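Reviewing the structure listed below.
All figures in this text were calculated on a predicted structure; none of them were measured in a lab. In what follows, residues are counted from 1 in the order of the sequence shown. Read the numbers this way: they start at 1 and go in the same order the structure lists the ligands and their atoms.
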Amino acid sequence: LKVHHRLGSYEVHFALLAEAGEHIPADTYIITDENVWRAYSEAFYASNRVIVLPAGEQSKSVATFEQCLEQLAEMGAHRGSTVTALGGGVVGDLAGFVAAAYMRGIAYIQVPTTLLAQVDSSVGGKVAIDLRAGKNLAGAFYPPSKVIICSEMLRTLDSRQMRNGLAEMWKYAFIADAALVAPLAQLADCPQPEQLSDLIKACVAIKAAIVQEDEFETTGRRAILNFGHTIGHAIEHAGMYSEWLHGEAISIGMVAEARLGEALQVTPQGTAKEVARHLGAAGLPTELPPIPMDTLLDIMMRDKKRTSDGLAFSLLTRIGECKLVNGVRNMAVSEALQSDEKY
Ligand SMILES: NC(=O)c1ccc[n+]([C@@H]2O[C@H](COP(=O)([O-])OP(=O)(O)OC[C@H]3O[C@@H](n4cnc5c(N)ncnc54)[C@H](O)[C@@H]3O)[C@@H](O)[C@H]2O)c1
Ligand SMILES: [Zn+2]
């Protein structure tokens, strides 16, 4: 699978674990986290060119960014060197931004190891770190030179992290491909990697097609990927990014935004119920937590995706299709969310 971007293209390889190391130059600088390195150091050349970070979102910081740049320089990385991001979305976002900045940009390879990173963050070229003022506030569009997806690495992922990625897979089914609904519904809530590999490919193909059409998020095409995310991000934020994982928050967000779509008569009646049924069966939360509506709206209004004439939502026109709707008024959002229908 090839992804085209402004400066060329990159290949997404689906590889066996035993072969993953062959896709990576022997002299690459691996950036990874402690959990991933514990499980997979043997699959890669265990050179001394490894930066192992603490696991978790805290590593997407300015301090870690600086530390990685300094370590690359100390280890002698030069313009022709490559960085390999071996880990989940945290490592991918950080290492990608480090590669973008080091010597004005060196090549980097994404080896995503969480389901979320395999179906979402490793493809599309968005890289970032967090600032004290908020998540992903410093970053770049900087495409990788290659993405290597090895579904076998999901074997060591815990079930909560698995569901976290499943939420994004359901998102692709809802916004772009109704044919994914049946196979996704057949998975148990902690599926085996071999059951997932074809579905991962299908999801990556959808993401690749969308980001190619709108690399820099300027036309609104890429924004359709935000289904469930406007409300989902507000929930994540209100929970201080510790109460809910991203996939859990967008699961709740997808149900809520399907209800909003129904209220705005963009989404057929009954769709929200169906969305909730599928996500609930996958073990994901579907009901809004008790956060005051004003708090959620406040956070949404400060979101960087907001436009001047109101909130923008990616809304389902049916299961498997969506469109971007701009200028949604706050009142419409609070009314739709406060209706006390439960699924
Ligand atoms: N760039 C993008 O387009 C994009 C899109 C979505 C999310 N993101 C970012 O991705 C980040 C979240 O990524 P994530 O959900 O992958 O979280 P993560 O990178 O924190 O990984 C989750 C946990 O799983 C562990 N882990 C990773 N791979 C493992 C494996 N194979 N086996 C066992 N444990 C493993 C990690 O050590 C960590 O503890 C957020 O910072 C988010 O902003 C970026
Ligand atoms: Zn997401």
Inset, instruction - Evaluate side-chain hydrogen bond (donor to acceptor under 3.5 Å, both in side chains) for Q212 paired with H5, printing each intermediate quantity in order. - result: CA-CA 6 Å; Q212 278 178 169; H5 57 81; over 6 Å; no

task = Apply the test ring pair (Phe, Tyr, Trp, His ring centres under 6.0 Å) to residues Y142 and F97: give CA-CA distance (whole Å), side-chain angles for both, the deciding distance (0.1 Å), then the verdict.
result = CA-CA 8 Å; Y142 192 68; F97 194 42; 9.1 Å; no

Given side-chain hydrogen bond (donor to acceptor under 3.5 Å, both in side chains), test K60 with N136 step by step and report yes or no.
CA-CA 8 Å; K60 264 175 69 172; N136 297 326; 2.7 Å; yes

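At a cut-off of 2.8 Å, measuring from the Zn ion (ligand 2), the protein N, O or S atoms that fall short of it are E168 OE2, H229 NE2, H246 NE2, waters left aside.
Ordered by chain and residue number, the residues placing a heavy atom less than 4.0 Å from ligand 1 are D33, N35, V36, Y40, A55, E57, K60, G88, G89, V90, D93, T113, T114, L116, D120, S121, K126, K135, N136, M153, T156, L157, Q161, N164, K207.
Residues meeting the side chain to side chain donor-acceptor pair (under 3.5 Å) test with Q192, sequence neighbours left out: none.
Relative orientation of the F141 and F216 rings is perpendicular, given thresholds of 30° and 60° on the angle between their planes. Classified by interplanar angle (parallel below 30°, tilted 30° to 60°, perpendicular above 60°), the ring pair F227/F174 is perpendicular.
Sparse packing is recorded around CZ of R318, with 12 or fewer heavy atoms of other residues, nucleotides or ligands lying under 6.0 Å away.
Apart from M240 itself, the hydrophobic cluster it occupies contains nothing, where clustering links Ile, Leu, Val, Met, Phe, Trp and Tyr at side-chain heavy-atom distances under 4.5 Å.
V204 and L116 are not part of a single hydrophobic cluster, where members link through side-chain heavy atoms under 4.5 Å apart.
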